[in-house]
Amino acid sequence: MTSTAAPAHLPTTAADPFAHEALEDPLPLHRELREAGPVVHLERYDVFALARYAEVRAALVDWQDFSSGAGVGLSNFRYEKPWRPPSLLLEADPPRHDAPRRVLSKVLGPRALHRLRERWAADAEALVDEVLDRGEFDAVPHLTEAFPLRVFPDAVGIPQEGRENLLPYGNHAFNAFGPDNDLTRAGAPRVAELSAWVAAQCARDVLAPEGFGADIWAQADRGEITPEQAPLVVRSLLTAGVDTTVHGLSAVLYALATHPAEWERLRAQPALARVAFDEAVRWESPVQTFFRTATRDVAVGGTVIPDGRKILMFLAAANRDPRRWADPDRFDLTRDPSGHVGFGFGIHQCVGQHVARLEAGSLLTALTRRVARIELAGPTTRHHNNTLRAWGSIPVRLVPA
Amino acid sequence: MSDAGTLLAPPGTAPAVPGRGASTTVATLEVVGKATVAEDVVALTLADPDGRRLPDWTPGAHIDLVLPSGDTRQYSLCGDRFDPRTYRVAVLRERDGRGGSAYVHDTLRAGDRVGVGGPRNNFPLVPSERYLFVAGGIGITPLLPMVAQAEVLGADWRLLYGGRRRASMAFLDELARHGERVHVMPQDETGLLDLPSFLGEPDPATKVYCCGPGPLLDAMGVACTAWPPTALRTERFVAEQAAPVRSAPFEVELARTGATVTVEPGTSVLEAVGAAGVEVLSSCRQGTCGTCETTVLAGVPDHRDSILDDAERAAGDCMFICVSRAADDRLVLDL
C-alpha cells in the first residue's frame, strides 16, 4: 500500500472500523466520522472515509471517478492479486460491466419475479406455520436463514446437496472486502473448498433446466454475454444473494420485535411491508460499507483524494445522517425511506434488490396474517463480519393471531 | 448541507421538475449546443439546467426528445458516455416527416429547453473479440459510441459507412483518427455498398452491427444468412413514429385506497399519489432502478422507463411511476 501524508486540514482518526468493538456497535464510530467532516482519513488503513449521505451518494453514482474495477474491498487490484477471479458485476467498471449487468437485470426483472410471487407467498406461509408450532425459537436459523435458503437456491436452480456451503461462502466473501484481520483469516482454510463448490454449481449441466441460472446461460446462447462470462454471473447470485437477504430479514424482524407499535401499524396496513423492509435496510444497513478507488485526483468536500487511492463509503452512516434524515435513529414506518443507500445507488445498485424485497414482502405478509405479536425471548447476539451488519441469534416468541 | 457544488439533491426533498411548455417527461434539459455536422444534419448537445449528472447510458441507447410542440422523437445518443453531464444527438432533416426534425433544424436554439425520456437501449453492444459495423447515413449515430467502446476494449473492429455523398455524412472528422478501420463509401463516388466483401467469411468470434435505412438492413439480412443467428444485430431507425406525449392532465384511480388523483403536466405519478398520502417506495427517480414498480389494473401507460422491453411495455400490466405516465385520460393502479 502506498502511504501518503494526508493534507493538514483533513480530519484524521486512528479508529478501526473493522475491529470487533466497532463491529459490535458501529453507531458511535459512524457519528464520529460524520461529525469530523465530509472526508476523513483513516490512519490505520491509509484510506479516505465518506460517512455523510451527500458524499456517499455522490460517490456511488460517480463511476467515472470512483472505480469498482480495482476492487470494492480494501485490497487494491491495481497492486494486489484478488483472492478469487473478480466479479463481472461488483468489481467491474463500464464498459466491461455493461453486458453482465444488463443480463442479470433482465433475469431478475419484473417478469421473472411476477412468476415467483405466488409460490414464495405459499412458501412463506408454510414456514410461518412451522415456526408457530415451535412457539419460542431462534429466528436466525429458523426464519431469517431458513426462508432465503428455502426459496432462493431453488429459484437459481442449484442442486440440494451442499447448500449448507452458501452461507459460509458468502460470509467469507464479505469478510474478504475488509482487512486481513482475524475474521478474514478465519475463513481462509475453507476458501479453496467453498470456492470449488460454488464454481461447480455455476456450470450449465449442474443447474436445473428452469431458473435464474438457466436464464443466464440462455442469455449466453443469445450472445448477450459470452459462455465464459455465464458461470461468473451465476456466481454473483450465489455470493451476494443469500447472506445479504438473511441479514436484511433479521434486521426487519428484530426491528419489529423491538418496536411493537410499528408491528401493530404493519398488521393494520400490510401494504406497508415494502416500506418496513426498506426502512429496516436503511436503519440497520445489512451491507455497511464498500470501497471504491479514485481514477484520478478527485475533489471531495474541500479535499483532493489522489489517483489510485481507496475510498471507504459508509452506507450505514449515510443512512443515519441527520443532514438527510429526520430523527435518523428511529425505526419508523411512517417515514418514506426512499433514497436510502442500503442497496447502493447508480449503476452498481443491488441488482437483486427486487428479489430481496419479494422475499421480505412474502415473509412479512405471512407473519402479519398469522402472528399477533413478536416478542424477544432472550438476549440477542451479533454476528461479526467485516462488511455485513448481522445477527447471530434473535430468540423470539411468536404469539399466534 | 456542505459542499453543495458536488452534491446531488437528495430524493424526497428534490422539487418536481418544473413543467416547461406543454409537456413534461423525465427531465427538462437545456440545449447547450447546436451545430451543423453535415448537410441536413444538426447535432444537439443537451445538459441539465443546473449542471447535474444525467442518467447513465450505454452505446446503442436512445432518448425520447419531447419538443415544445409535444411531438416526441427518438434519437440515438452519439456522445461520450464517460461525460456524465451532456448528451449529444444528431438530427437529420426529414423531407417528408411530420415536422419534428424541421422544428429542430429551423426553430430550436441554444438555450431552449426540451423534455427528455429514457435513455433506453434496444441495441446494446454485446461482448465480442471482433466487430463489423455497417452504417447507412444518419444510422452512424448509435454506432459512433460503439466504435469508441470497441476501441476502449481493444477489440478488433471495422466500420463500413455509406451515404449519398460525402458532404451528407456526419462525423467523418471524428472518425478520421481511426484510419483504415473506417471505410467511408459515399454513393456518388463508390456506388452501392459491397456488403459481401466487407463481411467476408462467417466468423463465430465476430458480431455484426448495422443501423440505417430499411433497404440496407434488408440487404444485410441477406448478406448474413450464412452467419450464426445471433451474429447480426440491427436497429431500424423509424423516423418520427413515437406517439406525442399527452400535454393534458390525467386521472389515476387508486384501486385499494379508493381515491382518484389528478396528475398535472410537470408532476410525476409518484409525486401525485404521494401528495394524496399514498407513499410509494422509490429510489432512483429516473426510471432505471425498478423500485417504484406499480401494477396497472386498467388504462394504457405511457412508458418512459429504461427497464421494460418492448414486449413488457406492450403487456401494459406494470409501470414505473417515477417517470411513466398515462397515454389516455385515466389509469387504474393497484395502490
Side-chain angles (χ1 to χ4, degrees), chain A residues 37-38 52-55 57-58 61-65 94-103 105-106 108-111 113-114 221-226 228-229 271-272 274-275 277-279 299-302 323-325 334-341 343 345-347 349-350 353-354 357, chain B residues 1-14 53 56 58-59 81-84 121 124-129 148-150 152-153 207 228-231 233 256-257 270 274 278-285 288-293 295 307-309 311-312 315 317-318 320 322 335:
Chain A
R52 293 182 183 176
Y53 179 85
E55 282 76 15
R57 182 167 154 173
V61 300
D62 183 0
W63 56 267
Q64 287 92 341
D65 290 339
R96 287 186 169 77
H97 174 260
D98 297 348
R101 173 73 189 198
R102 183 177 171 86
V103 161
S105 300
K106 185 51 83 186
L108 303 178
R111 197 185 294 167
L113 297 190
H114 293 174
D221 290 344
R222 289 187 207 119
E224 300 296 316
I225 49 173
T226 67
E228 294 74 33
Q229 291 176 318
L272 282 175
R274 286 168 65 84
V275 167
F277 182 60
D278 269 66
E279 169 66 352
V300 183
R323 294 162 191 79
R324 167 64 179 82
W325 308 96
T334 64
R335 177 200 304 282
D336 179 5
S338 298
H340 72 74
V341 293
F343 289 121
F345 230 90
I347 63 167
Q349 191 177 37
C350 177
Q353 61 181 306
H354 311 308
R357 289 197 180 103
Chain B
M1 268 190 253
S2 61
D3 314 307
T6 63
L7 306 187
L8 296 165
T13 61
R53 281 183 72 98
D56 291 305
T58 52
R81 67 178 302 196
F82 285 84
D83 169 4
N121 196 343
L125 188 67
V126 300
S128 188
E129 292 168 27
Q149 186 127 316
V152 168
L153 290 165
K207 294 281 187 270
T230 62
R233 286 151 190 273
R256 284 195 226 177
T257 323
L270 179 73
V278 180
E279 296 278 6
V280 176
L281 200 66
S282 68
S283 182
C284 73
R285 301 200 176 194
T288 56
C289 77
T291 301
C292 65
E293 182 187 341
T295 299
I307 301 160
L308 300 178
D309 60 29
E312 290 165 332
D317 56 355
C318 72
F320 300 95
C322 65
L335 289 176

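Each chain gets a letter, A, B and so on, in the order its sequence line appears, and its residues count up from 1.
The residue among B:T288, B:L308, B:T58, B:V280 with the most heavy atom pairs within less than 4.5 Å of chain A is B:T58. Ranked by non-hydrogen atom pairs under 4.5 Å with chain B, the options A:A99, A:P337, A:P94 are led by A:P94. The candidate with the highest count of non-hydrogen atom pairs below 4.5 Å against chain A, out of B:I307, B:T230, B:L335, is B:T230. With respect to chain B, the highest number of heavy-atom pairs below 4.5 Å among A:D278, A:V341, A:V275 belongs to A:D278. By number of non-hydrogen pairs under 4.5 angstrom with chain A, the leading residue of B:C284, B:G290, B:P228, B:A315 is B:G290.
In this structure, the side chains of A:W63 and B:D56 come closer than 4.5 Å at one or more pairs of heavy atoms. A 4.5 Å side-chain heavy-atom check between A:D98 and B:R81 finds at least one atom pair inside the cut-off. You'll find the side chain of B:L153 reaches within 4.5 Å of the side chain of A:P95, heavy atoms only. Counting heavy atoms from C-beta on, the side chains of A:V61 and B:R53 come closer than 4.5 Å. Taking the side chain as every heavy atom from C-beta outward, B:D309 and A:R111 approach each other to under 4.5 Å. With a 4.5 Å cut-off on side-chain heavy atoms, A:R102 and B:N121 count as touching. Inter-residue side-chain proximity for A:R222 and B:V126 is flagged as unmet; no heavy-atom pair is nearer than 4.5 Å.
Using a cutoff of 4.0 Å between basic side-chain nitrogens and carboxylate oxygens, B:E312 and A:K106 are scored as salt-bridged.
Interface remark: B:T291 contributes backbone and side-chain atoms alike to the contact with chain A (heavy atom separation under 4.5 Å). For A:D221, the part sitting under 4.5 Å from any heavy atom of chain B is the backbone (N, CA, C, O) and nothing else.
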Discussion item. One pair to check against side-chain contact (heavy atoms from CB on, under 4.5 Å): A:R357 and B:E293. What are the steps and the verdict?
Written reply: CA-CA 12 Å; A:R357 289 197 180 103; B:E293 182 187 341; over 6 Å; no
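Under a 3.5 Å cut-off, the side chain of B:R285 and the backbone N or O of A:G339 do not form any donor-acceptor pair.
Atom SG of B:C318 is separated from atom NE2 of A:H114 by 5.0 Å, given to the nearest 0.5 angstrom. Rounded to the nearest 0.5 angstrom, A:H340 NE2 and B:L281 CG are separated by 6.5 Å.
Paired with B:P127 under the rule side-chain contact (heavy atoms from CB on, under 4.5 Å), one option of A:E228, A:R96, A:E224, A:Q229 passes, and it is A:Q229.
Within a 6.0 Å radius of CD in B:E129, no more than 12 heavy atoms belonging to other residues, nucleotides or ligands are found.
In plain terms, the two heavy atoms of A:G223 and B:K207 that are nearest each other are O-CE, 4.0 Å. Residues B:C289 and A:H354 approach most closely at O-NE2, 2.6 Å, considering heavy atoms.
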